[in-house]
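Computed from a prediction, not measured in an experiment: that's the story for all the values here. So that the names make sense, note that chain A is the first sequence line, chain B the second, and so on, each numbered from 1.
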Amino acid sequence: MMRLGYPTQNLTIPASTNRSCRLAGLADADKVRALVRENLAGLEAILRWNAGHGVPLFRMGQALIPFASHPEFPYDWEDEHGEDLSRLGELARTLGIRLSMHPGQYIQPASPRPGVSERGLGEFRYVERIFDLIGSEDSVIVLHMGGAYEDRPTTATRFVETMRPESGVLEYLALENDERVWTVQEIVATAGALGIPAITDAFHHGLDPGGLKLEDALDLTLPTWGARPGRSERRPKLHLSSQDGEKQPGAHAYLVEEADWLALVKALGNREADVMIEAKGKERALGALGVDL
DNA sequence: CGGCGTCAAGCTATC
DNA sequence: GATAGCTTGACGCCG
(Lines give C-alpha, C1' and ligand atoms only; values in the text may rest on other atoms or scores of the structure.)
Protein backbone atom coordinates (compact mmCIF):
# COMPACT_ATOMS: atom_id res chain seq x y z
CA MET A 1 0.00 0.00 0.00
CA MET A 2 1.20 3.47 -0.89
CA ARG A 3 0.83 6.59 1.21
CA LEU A 4 1.40 9.92 -0.55
CA GLY A 5 2.72 13.36 0.36
CA TYR A 6 4.09 16.57 -1.15
CA PRO A 7 6.79 19.14 -0.35
CA THR A 8 7.17 22.59 1.21
CA GLN A 9 3.83 24.30 0.55
CA ASN A 10 0.12 23.86 -0.07
CA LEU A 11 -1.31 25.83 -3.00
CA THR A 12 -4.95 25.30 -2.01
CA ILE A 13 -4.96 26.87 1.44
CA PRO A 14 -2.48 28.51 0.58
CA ALA A 15 0.35 28.03 3.10
CA SER A 16 4.14 27.73 2.95
CA THR A 17 6.93 26.45 5.22
CA ASN A 18 9.62 27.90 2.97
CA ARG A 19 9.39 31.68 3.22
CA SER A 20 12.89 33.08 3.22
CA CYS A 21 14.88 36.30 3.17
CA ARG A 22 18.14 37.57 1.76
CA LEU A 23 21.33 37.29 3.77
CA ALA A 24 21.28 41.04 4.35
CA GLY A 25 17.80 40.66 5.84
CA LEU A 26 19.21 38.72 8.83
CA ALA A 27 20.27 42.04 10.35
CA ASP A 28 16.64 42.67 11.34
CA ALA A 29 16.13 39.99 14.01
CA ASP A 30 12.48 40.89 14.63
CA LYS A 31 11.73 40.43 10.97
CA VAL A 32 13.43 37.02 10.96
CA ARG A 33 11.45 35.96 14.05
CA ALA A 34 8.22 36.97 12.32
CA LEU A 35 9.23 35.10 9.18
CA VAL A 36 9.94 31.89 11.13
CA ARG A 37 6.63 32.20 12.97
CA GLU A 38 4.90 32.47 9.59
CA ASN A 39 6.62 29.28 8.43
CA LEU A 40 5.61 27.48 11.64
CA ALA A 41 2.03 28.74 11.30
CA GLY A 42 2.13 27.48 7.70
CA LEU A 43 3.28 24.09 8.97
CA GLU A 44 0.42 23.91 11.46
CA ALA A 45 -2.13 24.86 8.79
CA ILE A 46 -0.71 22.23 6.43
CA LEU A 47 -0.68 19.50 9.12
CA ARG A 48 -4.37 20.16 9.81
CA TRP A 49 -5.24 20.33 6.11
CA ASN A 50 -3.38 17.07 5.47
CA ALA A 51 -5.15 15.32 8.34
CA GLY A 52 -8.50 16.49 7.00
CA HIS A 53 -7.69 15.23 3.51
CA GLY A 54 -5.99 11.93 4.27
CA VAL A 55 -2.44 12.98 3.33
CA PRO A 56 0.02 11.44 5.81
CA LEU A 57 3.34 12.82 4.48
CA PHE A 58 4.81 16.29 4.26
CA ARG A 59 8.29 17.66 3.55
CA MET A 60 9.08 20.92 5.32
CA GLY A 61 10.95 23.63 3.42
CA GLN A 62 14.67 23.81 4.08
CA ALA A 63 14.18 27.52 4.83
CA LEU A 64 11.80 26.70 7.71
CA ILE A 65 14.34 28.69 9.70
CA PRO A 66 16.14 30.60 6.96
CA PHE A 67 19.96 30.72 7.23
CA ALA A 68 19.72 28.77 10.51
CA SER A 69 23.21 27.31 10.02
CA HIS A 70 24.75 30.60 8.90
CA PRO A 71 27.12 32.32 11.36
CA GLU A 72 25.20 35.56 10.91
CA PHE A 73 21.87 34.13 12.07
CA PRO A 74 20.78 36.77 14.60
CA TYR A 75 19.40 34.85 17.61
CA ASP A 76 19.18 31.46 19.37
CA TRP A 77 16.45 29.90 17.25
CA GLU A 78 16.20 26.74 19.37
CA ASP A 79 15.50 28.85 22.45
CA GLU A 80 13.06 31.06 20.56
CA HIS A 81 11.12 28.47 18.54
CA GLY A 82 11.86 25.17 20.33
CA GLU A 83 8.56 25.00 22.20
CA ASP A 84 6.59 25.68 19.02
CA LEU A 85 8.50 22.97 17.19
CA SER A 86 7.88 20.45 19.98
CA ARG A 87 4.19 21.31 20.02
CA LEU A 88 3.97 20.95 16.23
CA GLY A 89 5.76 17.60 16.45
CA GLU A 90 3.19 16.38 18.95
CA LEU A 91 0.42 17.64 16.69
CA ALA A 92 1.93 15.82 13.70
CA ARG A 93 2.05 12.56 15.68
CA THR A 94 -1.54 13.04 16.89
CA LEU A 95 -2.65 13.58 13.30
CA GLY A 96 -0.50 10.70 12.00
CA ILE A 97 1.70 12.79 9.71
CA ARG A 98 5.31 11.88 8.89
CA LEU A 99 7.72 14.77 8.30
CA SER A 100 10.92 15.14 6.30
CA MET A 101 13.41 17.76 5.12
CA HIS A 102 15.74 17.89 2.10
CA PRO A 103 18.98 19.91 2.23
CA GLY A 104 19.70 21.35 -1.21
CA GLN A 105 22.38 21.07 -3.85
CA TYR A 106 24.87 23.31 -2.11
CA ILE A 107 25.24 20.83 0.73
CA GLN A 108 28.34 18.81 -0.19
CA PRO A 109 29.69 16.78 2.77
CA ALA A 110 32.04 14.81 0.51
CA SER A 111 33.70 17.91 -0.92
CA PRO A 112 37.52 17.83 -0.70
CA ARG A 113 37.35 21.49 0.33
CA PRO A 114 37.15 21.48 4.15
CA GLY A 115 35.08 24.67 4.39
CA VAL A 116 32.46 23.31 2.01
CA SER A 117 32.21 20.01 3.87
CA GLU A 118 32.04 21.73 7.27
CA ARG A 119 29.24 24.10 6.19
CA GLY A 120 27.32 21.05 4.99
CA LEU A 121 27.66 19.43 8.41
CA GLY A 122 26.43 22.64 10.01
CA GLU A 123 23.29 22.44 7.88
CA PHE A 124 22.74 18.80 8.91
CA ARG A 125 23.02 19.70 12.58
CA TYR A 126 20.34 22.37 12.08
CA VAL A 127 17.98 19.78 10.62
CA GLU A 128 18.89 17.25 13.33
CA ARG A 129 17.96 19.79 16.02
CA ILE A 130 14.66 20.49 14.25
CA PHE A 131 13.79 16.78 14.25
CA ASP A 132 14.97 16.25 17.82
CA LEU A 133 12.55 19.01 18.87
CA ILE A 134 9.78 17.54 16.71
CA GLY A 135 10.43 14.25 18.44
CA SER A 136 9.16 11.70 15.90
CA GLU A 137 11.31 8.61 15.24
CA ASP A 138 10.17 8.25 11.64
CA SER A 139 11.36 11.71 10.50
CA VAL A 140 13.74 11.65 7.51
CA ILE A 141 16.53 13.87 6.24
CA VAL A 142 16.71 13.21 2.49
CA LEU A 143 20.09 13.83 0.87
CA HIS A 144 21.85 13.53 -2.47
CA MET A 145 25.49 12.48 -2.28
CA GLY A 146 26.63 15.55 -4.24
CA GLY A 147 29.64 15.81 -6.53
CA ALA A 148 31.86 12.91 -7.63
CA TYR A 149 35.08 14.96 -7.92
CA GLU A 150 36.33 12.79 -10.80
CA ASP A 151 37.09 9.88 -8.46
CA ARG A 152 33.99 7.97 -7.47
CA PRO A 153 35.43 5.34 -5.09
CA THR A 154 37.52 7.88 -3.18
CA THR A 155 34.59 10.29 -2.97
CA ALA A 156 32.20 7.60 -1.73
CA THR A 157 34.73 6.62 0.93
CA ARG A 158 35.20 10.24 1.96
CA PHE A 159 31.42 10.63 2.20
CA VAL A 160 31.22 7.69 4.59
CA GLU A 161 34.16 8.88 6.70
CA THR A 162 32.73 12.40 6.93
CA MET A 163 29.27 11.24 7.97
CA ARG A 164 30.11 8.28 10.22
CA PRO A 165 30.88 10.41 13.34
CA GLU A 166 27.58 12.31 12.93
CA SER A 167 25.53 9.74 14.83
CA GLY A 168 22.72 12.17 15.65
CA VAL A 169 22.28 13.09 11.99
CA LEU A 170 22.45 9.45 10.90
CA GLU A 171 19.38 8.71 13.04
CA TYR A 172 17.35 10.55 10.39
CA LEU A 173 19.50 10.50 7.25
CA ALA A 174 18.58 8.64 4.04
CA LEU A 175 20.45 8.79 0.71
CA GLU A 176 18.66 9.39 -2.58
CA ASN A 177 19.87 8.72 -6.13
CA ASP A 178 20.14 11.73 -8.45
CA GLU A 179 19.65 12.11 -12.20
CA ARG A 180 23.27 12.21 -13.36
CA VAL A 181 25.98 11.54 -10.72
CA TRP A 182 25.07 8.71 -8.30
CA THR A 183 22.85 5.77 -9.29
CA VAL A 184 20.57 3.73 -7.03
CA GLN A 185 23.15 0.95 -6.87
CA GLU A 186 25.83 3.40 -5.71
CA ILE A 187 23.76 5.12 -3.03
CA VAL A 188 22.63 1.74 -1.68
CA ALA A 189 26.28 0.73 -1.26
CA THR A 190 27.21 3.99 0.50
CA ALA A 191 24.05 3.99 2.65
CA GLY A 192 24.83 0.40 3.60
CA ALA A 193 28.33 1.35 4.73
CA LEU A 194 26.75 3.94 7.05
CA GLY A 195 23.90 1.71 8.20
CA ILE A 196 21.27 4.13 6.89
CA PRO A 197 18.41 3.63 4.40
CA ALA A 198 18.24 4.53 0.70
CA ILE A 199 15.51 6.22 -1.35
CA THR A 200 14.71 5.43 -4.97
CA ASP A 201 13.67 8.53 -6.88
CA ALA A 202 11.81 6.92 -9.77
CA PHE A 203 12.15 9.95 -12.06
CA HIS A 204 15.89 10.37 -11.47
CA HIS A 205 16.33 6.64 -11.84
CA GLY A 206 14.76 6.81 -15.31
CA LEU A 207 17.38 9.40 -16.34
CA ASP A 208 20.37 7.45 -14.92
CA PRO A 209 19.29 3.85 -14.29
CA GLY A 210 22.78 2.32 -14.19
CA GLY A 211 21.42 -0.83 -15.87
CA LEU A 212 18.67 -1.42 -13.29
CA LYS A 213 14.96 -1.68 -13.98
CA LEU A 214 12.75 0.30 -11.58
CA GLU A 215 11.67 -2.93 -9.91
CA ASP A 216 15.34 -3.92 -9.39
CA ALA A 217 16.00 -0.51 -7.86
CA LEU A 218 13.11 -0.98 -5.42
CA ASP A 219 14.35 -4.47 -4.59
CA LEU A 220 17.63 -2.84 -3.51
CA THR A 221 16.28 0.18 -1.60
CA LEU A 222 13.10 -1.05 0.14
CA PRO A 223 14.90 -3.57 2.41
CA THR A 224 17.28 -0.85 3.63
CA TRP A 225 14.41 0.48 5.80
CA GLY A 226 14.29 -2.64 7.94
CA ALA A 227 14.73 -2.68 11.69
CA ARG A 228 18.17 -2.28 13.21
CA PRO A 229 19.39 -2.56 16.79
CA GLY A 230 17.41 -0.34 19.15
CA ARG A 231 15.11 0.97 16.45
CA SER A 232 11.85 -0.18 15.02
CA GLU A 233 11.28 -0.78 11.32
CA ARG A 234 10.34 2.28 9.29
CA ARG A 235 8.11 2.51 6.22
CA PRO A 236 10.30 2.82 3.10
CA LYS A 237 10.31 6.18 1.34
CA LEU A 238 10.28 6.80 -2.42
CA HIS A 239 10.11 9.82 -4.70
CA LEU A 240 7.98 10.17 -7.81
CA SER A 241 7.72 12.97 -10.39
CA SER A 242 7.48 13.49 -14.15
CA GLN A 243 9.45 15.37 -16.79
CA ASP A 244 8.30 18.90 -17.70
CA GLY A 245 8.22 18.54 -21.49
CA GLU A 246 9.00 22.21 -22.05
CA LYS A 247 12.15 22.26 -19.96
CA GLN A 248 15.53 20.58 -19.52
CA PRO A 249 15.72 16.88 -18.69
CA GLY A 250 15.30 16.62 -14.92
CA ALA A 251 12.86 19.53 -14.54
CA HIS A 252 9.75 18.58 -12.56
CA ALA A 253 6.36 18.81 -14.23
CA TYR A 254 3.26 20.40 -12.66
CA LEU A 255 1.58 16.99 -12.34
CA VAL A 256 2.64 13.32 -12.50
CA GLU A 257 2.09 11.51 -15.81
CA GLU A 258 -0.24 8.56 -15.50
CA ALA A 259 2.34 6.32 -17.20
CA ASP A 260 4.97 7.17 -14.56
CA TRP A 261 2.47 6.53 -11.79
CA LEU A 262 1.39 3.18 -13.22
CA ALA A 263 5.03 2.13 -13.74
CA LEU A 264 5.72 2.71 -10.03
CA VAL A 265 2.49 0.96 -8.96
CA LYS A 266 3.50 -2.05 -11.04
CA ALA A 267 7.12 -2.13 -9.84
CA LEU A 268 6.07 -1.77 -6.20
CA GLY A 269 3.44 -4.50 -6.35
CA ASN A 270 1.83 -5.09 -2.96
CA ARG A 271 4.80 -3.73 -0.98
CA GLU A 272 4.45 -0.85 1.48
CA ALA A 273 5.93 2.61 0.75
CA ASP A 274 5.61 6.31 1.57
CA VAL A 275 5.82 8.17 -1.76
CA MET A 276 6.77 11.83 -1.92
CA ILE A 277 5.21 13.39 -5.03
CA GLU A 278 7.64 16.07 -6.25
CA ALA A 279 5.44 18.10 -8.57
CA LYS A 280 5.18 21.84 -9.10
CA GLY A 281 1.45 21.43 -8.50
CA LYS A 282 2.17 20.20 -4.93
CA GLU A 283 -0.98 18.74 -3.32
CA ARG A 284 -2.92 19.21 -6.58
CA ALA A 285 -0.79 16.49 -8.16
CA LEU A 286 -2.10 14.07 -5.51
CA GLY A 287 -5.66 14.96 -6.45
CA ALA A 288 -4.83 14.26 -10.10
CA LEU A 289 -3.59 10.80 -9.08
CA GLY A 290 -6.99 9.97 -7.70
CA VAL A 291 -6.40 10.77 -4.03
CA ASP A 292 -9.76 11.98 -2.74
CA LEU A 293 -8.90 15.44 -1.44
C1' DC B 1 3.25 50.16 -8.40
C1' DG B 2 4.29 46.30 -11.72
C1' DG B 3 7.97 43.70 -13.88
C1' DC B 4 12.55 42.03 -13.98
C1' DG B 5 17.17 40.86 -12.44
C1' DT B 6 19.75 39.49 -8.45
C1' DC B 7 20.58 37.11 -4.28
C1' DA B 8 24.67 32.42 0.44
C1' DA B 9 26.27 28.27 -0.91
C1' DG B 10 28.76 23.95 -5.36
C1' DC B 11 28.64 21.05 -8.52
C1' DT B 12 27.98 19.02 -13.57
C1' DA B 13 27.16 19.48 -18.37
C1' DT B 14 27.70 21.93 -22.44
C1' DC B 15 29.25 25.01 -25.38
C1' DG C 1 37.49 28.67 -20.21
C1' DA C 2 33.08 30.48 -19.31
C1' DT C 3 28.41 29.85 -17.81
C1' DA C 4 23.51 28.00 -17.38
C1' DG C 5 20.84 25.38 -14.42
C1' DC C 6 19.36 23.05 -10.43
C1' DT C 7 14.62 25.66 -6.47
C1' DT C 8 12.23 29.46 -4.77
C1' DG C 9 10.84 33.64 -2.66
C1' DA C 10 12.25 38.34 -1.41
C1' DC C 11 13.74 42.61 -2.54
C1' DG C 12 15.88 46.49 -4.97
C1' DC C 13 15.75 49.00 -8.98
C1' DC C 14 13.80 50.49 -13.07
C1' DG C 15 10.24 52.35 -15.78
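Aromatic ring centres of A:H81 and A:Y75: separated by under 6.0 Å.
Distance A:E176 CD to C:dT7 C1': 14 Å, rounded to the nearest Å. Taking atom CZ of A:R19 as the reference point, atom C1' of C:dC11 lies 12 Å away to the nearest angstrom. Atom CD in A:E38 sits roughly 12 Å away from atom C1' in C:dA10 (whole-Å rounding). Between the P atom of C:dG5 and the NE2 atom of A:H252 lies a distance of 17 Å, rounded to the nearest Å. At whole-Å resolution of the value, CG in A:L35 and P in C:dA10 are 7 Å apart. One atom, NE2 of A:H102, and another, C1' of C:dT8, lie 14 Å apart when rounded to the nearest Å. Distance CZ (A:R59) to C1' (C:dT7): 11 Å, rounded to an integer number of Å. Nucleotide C:dA10 holds its P atom 10 Å from the CD atom of A:Q9, rounded to whole Å.
When the C1' atom is compared between C:dT8 and B:dC1, the two are found 23 Å apart, to the nearest whole Å. Distance check on atom P: C:dA2 versus B:dA8 gives 23 Å, rounded to whole Å. When the P atom is compared between C:dT3 and B:dC7, the two are found 14 Å apart, to the nearest whole Å. Straight-line distance between the C1' atoms of B:dT6 and C:dA4: roughly 15 Å, to the nearest whole Å.
Listed nucleotides: C:dC11, B:dA8, C:dG9. Nearest to the side chain of A:F67: B:dA8. Of the candidate nucleotides B:dA8, C:dT8, C:dC11, B:dA8 has the atom lying nearest to any side-chain atom of A:H70.
A:Y106 and A:R119 share no side-chain donor-acceptor pair at under 3.5 Å.
Near DNA chain B, defined here as any heavy-atom distance below 4.0 Å, there are no residues from residues 279-286 of chain A.
Minimum interatomic distance between A:V55 and A:G5 (heavy atoms only, all atoms of both residues): CG1-CA, 4.0 Å. Minimum heavy-atom separation, A:V265 to A:M2: CG2-CE, 3.5 Å.
A:R22 has no side-chain polar atom (N or O) that falls below the 4.0 Å cut-off from OP1 or OP2 of B:dT6.
Salt bridge annotation for A:E44-A:R37: absent, with no cationic side-chain nitrogen under 4.0 angstrom from a carboxylate oxygen. Salt bridge status for A:D138 with A:K237: absent, with no side-chain N to carboxylate O gap under 4.0 Å. Of the charged side-chain nitrogens involved, at least one lies within less than 4.0 Å of a carboxylate oxygen, so that A:D274 and A:R98 count as a salt-bridged pair.
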For a quick check, with a 4.0 angstrom heavy-atom cut-off, what is the B/S/- contact string for nucleotides 9-15 of chain B, read 5' to 3'? BBSSS--

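At least one test fails for A:R284 against the ring of A:Y6: distance under 6.0 Å to the centre or angle within 45° of the axis.
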For the pair A:L95 and A:N50, evaluate side chain to side chain contact (heavy atoms under 4.5 Å, CB included) and give the outcome as yes or no after the intermediate values. CA-CA 9 Å; A:L95 299 175; A:N50 276 21; over 6 Å; no

Could you walk me through whether A:E278 and A:L240 pass the side chain to side chain contact (heavy atoms under 4.5 Å, CB included) test, one step at a time? CA-CA 6 Å; A:E278 295 181 310; A:L240 178 66; over 6 Å; no

Dot-bracket for DNA chain B, 5' to 3', counting Watson-Crick or G-U wobble pairs under 3.5 Å, with [ ] for crossing pairs and | for inter-strand pairs? |||||||..||||||

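In this structure, the side chain of A:H204 engages the main chain of A:N177 through a donor-acceptor pair within 3.5 Å.
Side-chain contact between A:F124 and A:P109: present, with at least one pair of heavy atoms (C-beta onward) separated by less than 4.5 Å.
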